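Scroll down for the structure; my scribbles are underneath it.
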Amino acid sequence: MESLTQLAAGFAGLFTPVNFAVLVIGLVIGMLVAVLPGLTLVMGVVLALPFTYKMGVTPALILLTAMYTSGTYGGAITAILFRIPGEPMDVPLIWDGYPMARRGEAALALGWSLVAALFGGLVAAVVMVLLAKPVASIALSFSSPEFFAIVFFGLASVVTLSGASLVNSLISLCLGLLIATVGVDAIYGAERFAFGLPFLQDGVEFLLVMVGAYGIGEVLARLNTGFAASPRAEGAQARFRTSFPRLKEMLAMKATFARGTATGILVGIVPGAGATVSAFVAYGMESQYGRNGSALGTGAAEGIVAAKSAATASVGGAFVPLLTMGIPGSGATAIILAAFLLHGVQPGPQVFASSPELVNTVFASVFASVIGMCILGYFAIKPLCKVLDAPEAIVSAFVVVFCFVGAFAQRNNVSDLYVIAIFGVIGFLFERYRFPLAPLVLGTILGPLAESNFMTTMVSFNNDWTVFFTRPISGGILALSAAGLAWPVARAWLARRRKRKEAPNGQTQPS
Amino acid sequence: MLAAAGFFYWAAGRIDVDTGGRIGPAVWPKAIIAMLALLCVYEIVKRLASPSGFSATGIVSTAGPGSAAEGSAESEPGHPKKLAGGIALVAAYVFSAPSLGFFVSTALFLAIFPWVGGLRRPWLCAALGVAGSLALVVVFMRIAYISLPLGEGPFRAFSIALLRLLGVS
């Protein structure tokens with residue numbers, strides 16, 4: 001009851017004219033930034049930070065929170081319609097949302113995405129309000145071995161899922177992890193694989209790999225197969241209307257909603273692991289434990305629901321350690337922490353006593369942002385779908401330009417443009433020769449996180465690698481990952497054995 | 001790929017840092033390269049020993065229509081001339097943008113790329129190039145205040161004049 005009263009006070013603070021206007025602006029900008037390929041929500045929040053200097057602390061936090069929340073949805077639109085993930089967290093949507101779009105169910109795929117985001121976001125917001133302190137204390141017990149295990153689980157899941165060949169998937173993952181090591185090492189400051197080239201000394205940004213491989217690579221692949229005069233010609237009339245799933249269909253998927261949301265909240269609470277890891281882990285879990293898990297990757301709505309509910313749920317989760325301990329749960333909350341500090345407020349247990357109205361307004365802004373994001377997402381789908389009316393050659397040309405801007409705007413570095421062009425060709429070659437792109441991209445995204453936690457563990461525990469297996473949580477997660485990796489091998493082995501057993505029968509029957 | 005792995009393993013061996021007995025910065029990349037090399041060796045041996053033998057696949061790949069569609073891509077003849085033209089054009093775009101500036105290079109790209117892709121409507125392509133590039137300049141440089149290449153020499157002067165015309169200081 002006390003929580004409800006506090007939340008009501010937060011809403012009262014939120015719905016003042018200035019704060020509400022800031023909320024709407026934040027939602028629109030967050031959505032726009034996330035829709036534009038290559039412009040990530042983290043980048044958007046960073047770019048918005050200077051605009052908050054002149055604001056009061058409350059509208060500043062409302063603006064950034066709204067951008068963060070709506071940014072977790074906007075990228076789904078480009079991922080589903082164009083196979084260009086606006087955000088790394090939207091990569092799993094490519095595997096199921098895009099195939100749905102290709103078979104004329106773009107509107108339904110977007111509808112599932114919206115419903116999942118709404119459910120995950122609201123449930124996570126409730127959890128954030130009710131269980132902030134207790135859940136944060138659990139996350140506090142996590143250390144680098146547990147973080148490493150969670151990242152390893154995400155990497156193992158993507159290998160288990162993608163590609164025709166497990167070996168090709170693992171090779172793709174290794175290349176991604178290797179790309180992530182290029183540049184100056186974070187612990188010792190040692191230069192690795194830069195070969196004296198200045199632009200390699202800064203490392204290869206995962207964003208460039210993603211924009212190049214998925215954006216330009218896809219355009220080249222389409223160019224090679226021949227552009228359609230208009231995507232409408234591919235029988236995609238249904239793309240141009242918003243279509244929500246029926247209640248019966250949603251209820252049939254309640255376990256998927258619950259798994260995705262729970263995963264998102266839990267992973268969101270883990271500091272450093274935000275929406276991206278949540279989406280990948282939830283997708284991997286759904287593929288392994290979901291009733292329709294084997295269909296994931298072929299255009300199954302469960303894949304969209306798992307990834308999107310987890311990604312949005314991670315927002316509420318990420319706010320828990322930020323507000324209660326001052327520890328950011330994701331990249332975007334790290335910037336929100338900076339906004340707190342810039343305005344002279346130190347988030348942590350004391351902020352609940354010193355500025356309760358501020359905390360309550362942040363809580364309320366998460367609720368309002370989730371709902372506002374869905375309203376915006378609903379109305380934004382239709383005009384965005386109109387882009388598909390244009391001939392594919394024209395749309396593809398604009399996609400390349402957006403990739404160009406997204407890559408350049410991040411660091412204003414011309415060499416980043418060369419990198420996206422190179423990864424565009426690599427992306428095309430990967431597709432052509434059946435090397436899955438997802439492990440490569442995920443390797444570059446999660447590689448630094450995996451390495452830093454691995455190195456921290458080894459340094460902290462005197463090079464004792466057994467600590468990963470002897471600690472119950474990390475050991476359990478790693479065992480789960482190993483089982484996930486072993487499953488395709490065991491299944492192939494069993495299938496071959498069954499085939500061999502059946503072969504003599506097949507031969508004897510005709511005779 | 002195996003040769004590349006060998007080269008990178010050698011390069012990783014040259015990372016020389018005093019770690020004071022702790023694990024060094026070369027260990028993580030070396031472990032990845034070793035795994036990459038092992039996978040390559042496994043694949044080579046497997047293909048030599050039994051080209052159609054045991055092969056584990058990801059869960060998604062056996063699931064049906066999606067994987068079947070992807071699998072057919074390799075067997076399609078494709079349009080190698082269009083592809084080569086597209087790659088050349090993307091390369092020309094990213095290399096010329098710093099010299100020509102965003103507006104000019106984007107206008108040229110937006111006009112030529114659809115043509116390479118098969119859109120044989122020259123006036124539409126030309127109009128698309130100019131209008132599209134101008135619209136993008138307005139969105140990114142005037143509204144979003146994103147800094148994009150202005151070009152060099154006369155192209156820089158042209159970009160600055162254009163931005164002044166649009167009210168971008």
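Small disclaimer: the values here were computed from a predicted structure and weren't measured. First the proteins, then the strands, lettered A, B, ... as listed; each starts at 1.
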Under 4.5 Å from any heavy atom of chain A, what part of [X] do you find: side chain, backbone, both or neither?
X	result
Ala91(B)	neither
Ile87(B)	both
Pro98(B)	side chain
Phe102(B)	side chain
Leu136(B)	side chain
Ala12(B)	both
Thr106(B)	side chain
Leu89(B)	neither

Could you grab the distance from atom [atom1] of [X] to atom [atom2] of [Y], nearest 0.5 Å is fine?
X	Y	atom1	atom2	value
Ile171(A)	Met35(B)	CD1	CE	9.5 Å
Ser460(A)	Arg22(B)	OG	CZ	9.5 Å
Ile32(B)	Glu451(A)	CD1	CD	7.0 Å
Ser172(A)	Leu36(B)	OG	CG	10.5 Å
Leu170(A)	Cys40(B)	CG	SG	11.0 Å

Neighbour count >12 (heavy atoms, 6.0 Å) for atom CZ, Phe152(A):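 No - once you tally the heavy atoms of other residues, nucleotides and ligands closer than 6.0 Å, there are 12 at most.
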Over 12 foreign heavy atoms within 6.0 Å of CZ, Arg164(B): no
Aromatic ring proximity Phe7(B)/Phe195(A), centre distance under 6.0 Å: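 Distance test on ring centres: under 6.0 Å, yes.
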Ring-ring centroid check Phe404(A) Phe109(B), cutoff 6.0 Å: no
Is [X] close to chain B through its backbone or its side chain, or both, or neither, when contacts mean heavy atoms under 4.5 Å?
X	value
Val401(A)	both
Phe428(A)	side chain
Ile216(A)	side chain
Leu177(A)	both
Ala450(A)	both

Greatest number of heavy atom pairs closer than 4.5 Å to chain B - which of Leu178(A), Leu485(A), Asp185(A):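 Heavy-atom pairs under 4.5 Å are most numerous for Leu178(A).
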Side-chain touch [X]/[Y], heavy atoms, less than 4.5 angstrom:
X	Y	answer
Val90(B)	Ile420(A)	no
Val219(A)	Phe113(B)	yes
His79(B)	Thr225(A)	no
Leu128(B)	Phe398(A)	yes

Closest approach of [X] to [Y] (non-hydrogen atoms, all atoms of both residues):
X	Y	value
Phe408(A)	Ser147(B)	CE2-O, 3.2 Å
Leu39(B)	Cys174(A)	CD1-SG, 4.1 Å
Glu191(A)	Ile15(B)	O-CG1, 4.0 Å
Pro25(B)	Ala190(A)	CG-CB, 3.8 Å
Leu223(A)	Gly117(B)	CD1-CA, 3.7 Å

Quick one: which of [options] has the most heavy-atom pairs under 4.5 Å with chain A, could you say?
options	answer
Leu124(B), Ile33(B), Ile112(B), Val94(B)	Val94(B)
Arg14(B), Glu43(B), Lys81(B)	Glu43(B)
Ala5(B), Ala11(B), Gly86(B), Pro29(B)	Pro29(B)

Ring geometry between Phe148(A) and Trp28(B) (parallel below 30°, tilted from 30 to 60°, perpendicular above 60°): perpendicular
Pair Lys82(B)-Asn224(A), side-chain contact (heavy atoms from CB on, under 4.5 Å): steps then yes or no: CA-CA 6 Å; Lys82(B) 279 186 181 179; Asn224(A) 188 43; over 6 Å; no
